[in-house]
J.: 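Have a look at the structure that comes next, please.
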Amino acid sequence: MANPPLQPVRGTRDLIGEDFRGHHHVVGTARRILALYGHEEWATPIFESTAVFARSLGETSDVVSKEMYSFEDRGGDSITLRPEGTAGVCRALVSNGLTQANLPRKVFYAGPMFRYERPQKGRYRQFHQIGAEVLGAAEPLADAEVIAAGWHILQELGISEGVVLEINTLGDAESRDAYRAALLEHFTAHQAALSPDSQVRLAKNPMRILDSKDEGDRAIVATAPTIQPFLTAAAAGFFDAVLRHLDTLGVPTRQNPRIVRGLDYYSHTAFEFVTDRLGAQGTVMAGGRYDGLVAEMGGPATPSVGWAAGVERLSMLLAAAPAAPRPVAVIPVGEAQEAAALGLLQDLRRAGLVAEIAYKGNLKRRMERANRLSARAALILGEDELAAGQVQLRDLDAGSQATIPLAEAVSRLGA
RNA sequence: GCGGUCGUAGCUCAGCUGGUAGAGCGCCAGGUUGUGGUCUUGGAUGUCGCGGGUUCGAGCCCCGUCGAUCGCCCCA
């Protein structure tokens, strides 16, 4: 019996061909744009002590309570595959003693994240995120700038048309406590009419009811108070400044008082770039301000702001992944011509041209292979031509062919 | 964790009231032993996701399971 076929683990997938090129294009574009904004790239470990996430994301958040890939390593320590990137970056800031010098510090990261969830369109158990953080900046301009960088990336990817920035403020602790109390009062009054899910939310985190998708809930939410009247003067002023800077930086915004971020560490600015083109997973880039997180990691108070974006989701919005490069095919007609062909092959590559040679096959086979690689041109080295210091240059799109001096091959192909 | 839909050739799919599999594309070979893509002729495709059950007989019916997909929860 043959071995049973192996399947990828549920919620994981291979990135091959067009999928990989789309993914690579998203990450590469983010890397390039964020460099323009002064972000440096960090690579933190893919797994951390479980405490790094449990403490920062909030013990009761779904991510911590039911979605983490946690395991005990051989030394008996509890380890978790990172479900998101910000906690690791903050931990790294503290671990590396970077909390004093050169703040604010702008960071970019990209890599795989892991959450044990039911897979769905645009949602995987191993997925990839890019993220930008501005660490150690309490000013509203930091919020606006990092959001502007995200918008810039979406524009550069050509997908900003169908995406809107929804933004809200969660206020400071004082505003939030007052608002939470008011919400609790409002929803408790309508408790019986709430959906079962929202009755649970009422006990755990009443703010979550605000973004419920349940029809009945929406009617109750519509009459719920917004946070605005509960904002302290400082919190209101902060949010106004963020909005003003975003306007100045050319980022269109839509205020949405129902936005609530899922992770506990957010305060003040909360935002999501959303689209209606991805079904239920409309959030494509999201983040906010997290002034208390670095302190949670054992560092000094380090007000910070940032966002993360799902690479798979951004990639799905791309009109088309960039095409693979089109090589030049070098084709020796007989074995005697192979040495000359290999020399030419390396000359082309040294000149920066993508060039390929088949490992075997006659002229017809090699031409077929060149076609399959969507080669743009073939350089055919025949015995007679080579003896005269010449090669055949065939344009595979036009189908035209010309005899040219071997020495001109590289320059004729536009090096 | 919960609910809906779906798993047939490498890909996209067809397969009648159950009678032991088909198309297109792709692939391979010839027409063209120094020329691809177009054209033409021929050829090979398969544990019908997996396991069990019903039946004389199951791709088709039943149960389970794995996977995909869409939605809920939640989230990027």
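Worth saying up front: this structure is predicted, and the values here are computed from it rather than measured. To find a chain, count down the sequence lines: A is the first, B the second, and so on, and within it residues start at 1.
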J.: Quickly work out the A:M207 CE to B:C74 C1' distance and round it to whole Å.
T.: 17 Å

J.: What protein N or O atoms touch nucleotides 69-71 of chain B N or O atoms at under 3.5 angstrom, if any, and at what distances?
T.:
residue : atom : partner : partner atom : Å
B:C70   : OP2  : A:K121  : N            : 2.6
B:G71   : OP1  : A:A280  : N            : 3.0

J.: Look at all strands and tell whether A:A370 reaches a base, only sugar-phosphate, or nothing, counting heavy atoms closer than 4.0 Å.
T.: nothing

J.: Does NZ or CZ of A:R289 lie under 6.0 Å from the centre of the six-membered ring of A:Y266, at an angle within 45° of the ring axis?
T.: no

J.: Would one find more than 12 heavy atoms of other residues, nucleotides or ligands at under 6.0 Å from atom CD of A:E185?
T.: no

J.: Charged N to carboxylate O under 4.0 angstrom, A:R82 versus A:E48?
T.: no

J.: Using the C1' atom in both, what is the distance from B:U32 to B:U38, to the nearest Å?
T.: 14 Å

J.: Between C1' on B:A76 and CD on A:E67, what's the gap in Å once rounded to a whole number?
T.: 12 Å

J.: Is the ring centre of A:Y290 less than 6.0 Å from the ring centre of A:H268?
T.: no

J.: Send over the distance from A:E272 CD to B:C75 P, rounded to a whole Å.
T.: 9 Å

J.: Just checking A:E383: does its CD atom have more than 12 heavy atoms from other residues, nucleotides or ligands closer to it than 6.0 angstrom?
T.: no

J.: Tabulate protein N/O versus nucleotide N/O from nucleotides 25-30 of chain B, keeping only pairs under 3.5 Å, one per line.
T.:
residue : atom : partner : partner atom : Å
B:A29   : OP1  : A:R365  : NH2          : 2.1
B:A29   : OP2  : A:R365  : NH1          : 3.4
B:A29   : OP2  : A:R365  : NH2          : 3.4

J.: For the base of B:C74, is there a side-chain donor-acceptor partner from A:R123 under 3.5 Å away?
T.: yes

J.: Would you check if there is a donor-acceptor pair between the side chains of A:T12 and A:Q126 at a distance under 3.5 Å?
T.: no

J.: In whole angstrom, give me the gap between the C1' atoms of B:C6 and B:G59.
T.: 15 Å

J.: I'd like to know whether CZ of A:F47 has more than 12 heavy-atom contacts from other residues, nucleotides or ligands below 6.0 angstrom.
T.: no

J.: What's A:G11 touching, base or sugar-phosphate or nothing? Going by heavy atoms closer than 4.0 Å.
T.: sugar-phosphate

J.: How long is the span from the OH atom in A:Y179 to the CG atom in A:L231, to the nearest 0.5 Å?
T.: 9.5 Å

J.: Whole angstrom is fine here: how far is it from CD in A:E84 over to P in B:C74?
T.: 18 Å

J.: So, are A:R208 and A:D217 salt-bridged, with charged N and O less than 4.0 Å apart?
T.: no

J.: Can you tell if the side chain of A:R123 reaches within under 4.5 Å of the side chain of A:R313, non-hydrogen atoms only?
T.: yes

J.: Just need the stems in RNA chain B: three or more back-to-back Watson-Crick or G-U pairs, each with both distances under 3.5 angstrom, sorted by first number.
T.: B:1-7 with B:66-72, B:10-13 with B:22-25, B:27-31 with B:39-43, B:49-53 with B:61-65

J.: How far, in whole Å, is B:A76 from B:C2 if one measures between their C1' atoms?
T.: 23 Å

J.: Are OP1 or OP2 of B:C74 and a side-chain N or O of A:R201 less than 4.0 angstrom apart?
T.: yes

J.: Let me confirm one number: the CZ-CG distance from A:F271 to A:L165, rounded to the nearest 0.5 Å.
T.: 7.5 Å

J.: What residues from residues 303-326 of chain A pass a heavy-atom cutoff of under 4.0 Å to RNA chain B?
T.: A:A308, A:G310, A:R313

J.: Atom CD1 of A:I16 and atom C1' of B:C11: how far apart are they, to the nearest Å?
T.: 15 Å

J.: Expressed in whole Å, how much space separates the P atoms belonging to B:G18 and B:C62?
T.: 11 Å

J.: Is the number of heavy atoms from other residues, nucleotides or ligands under 6.0 Å of A:Y37 OH greater than 12?
T.: yes

J.: Suppose we call a contact any N or O donor and acceptor under 3.5 Å apart; does that hold for the side chain of A:N371 and the base of B:G37?
T.: no

J.: CG/A:L348 to CD/A:E356 distance, rounded to the nearest 0.5 angstrom?
T.: 12.0 Å

J.: In whole Å, measure the gap between the P atoms of B:A14 and B:G24 for me.
T.: 16 Å

J.: Can you tell me which residue pairs pass the salt bridge (Lys or Arg N to Asp or Glu O under 4.0 Å) test with a partner in residues 144-158 of chain A, sequence neighbours excluded?
T.: A:R32-A:E156, A:K106-A:E145

J.: I'd like to know if A:E18 and A:R21 make a salt bridge, using a cut-off of under 4.0 Å between side-chain N and carboxylate O.
T.: no

J.: Considering heavy-atom distances to RNA chain B, does A:T12 or A:Y116 have its closest nucleotide positioned more toward the 5' end?
T.: A:Y116

J.: Take atom CD in A:E40; do more than 12 heavy atoms of anything else shown fall under 6.0 Å from it?
T.: yes

J.: Give the residues of residues 379-409 of chain A touching RNA chain B, defined as any heavy atom closer than 4.0 Å, sorted by residue number.
T.: A:I380, A:G382, A:E383, A:D384, A:E385, A:Q392, A:R394, A:L396, A:D397, A:G399, A:Q401

J.: To the nearest angstrom, how far is A:R125 atom CZ from B:C66 atom C1'?
T.: 13 Å

J.: Find the distance between CD1 (A:I220) and CD (A:Q191) and round it off to the nearest 0.5 Å.
T.: 10.5 Å

J.: Show the nearest heavy-atom pair for residues A:R10 and A:R125, with the distance to one decimal.
T.: O-CD, 3.3 Å

J.: Return the value, rounded to whole Å, for the distance between atom CE of A:M367 and atom P of B:U33.
T.: 15 Å

J.: Rounded to the nearest angstrom, tell me the gap between atom CD1 in A:I159 and atom P in B:A76.
T.: 17 Å

J.: Using atom C1' of each nucleotide, how far apart are B:U47 and B:A9 to the nearest Å?
T.: 13 Å

J.: With rounding to whole Å, what would you report as the distance between B:G51 and B:C66 at their C1' atoms?
T.: 10 Å

J.: For B:C56 versus B:C50, give the span between their P atoms, rounded off to a whole number of Å.
T.: 25 Å

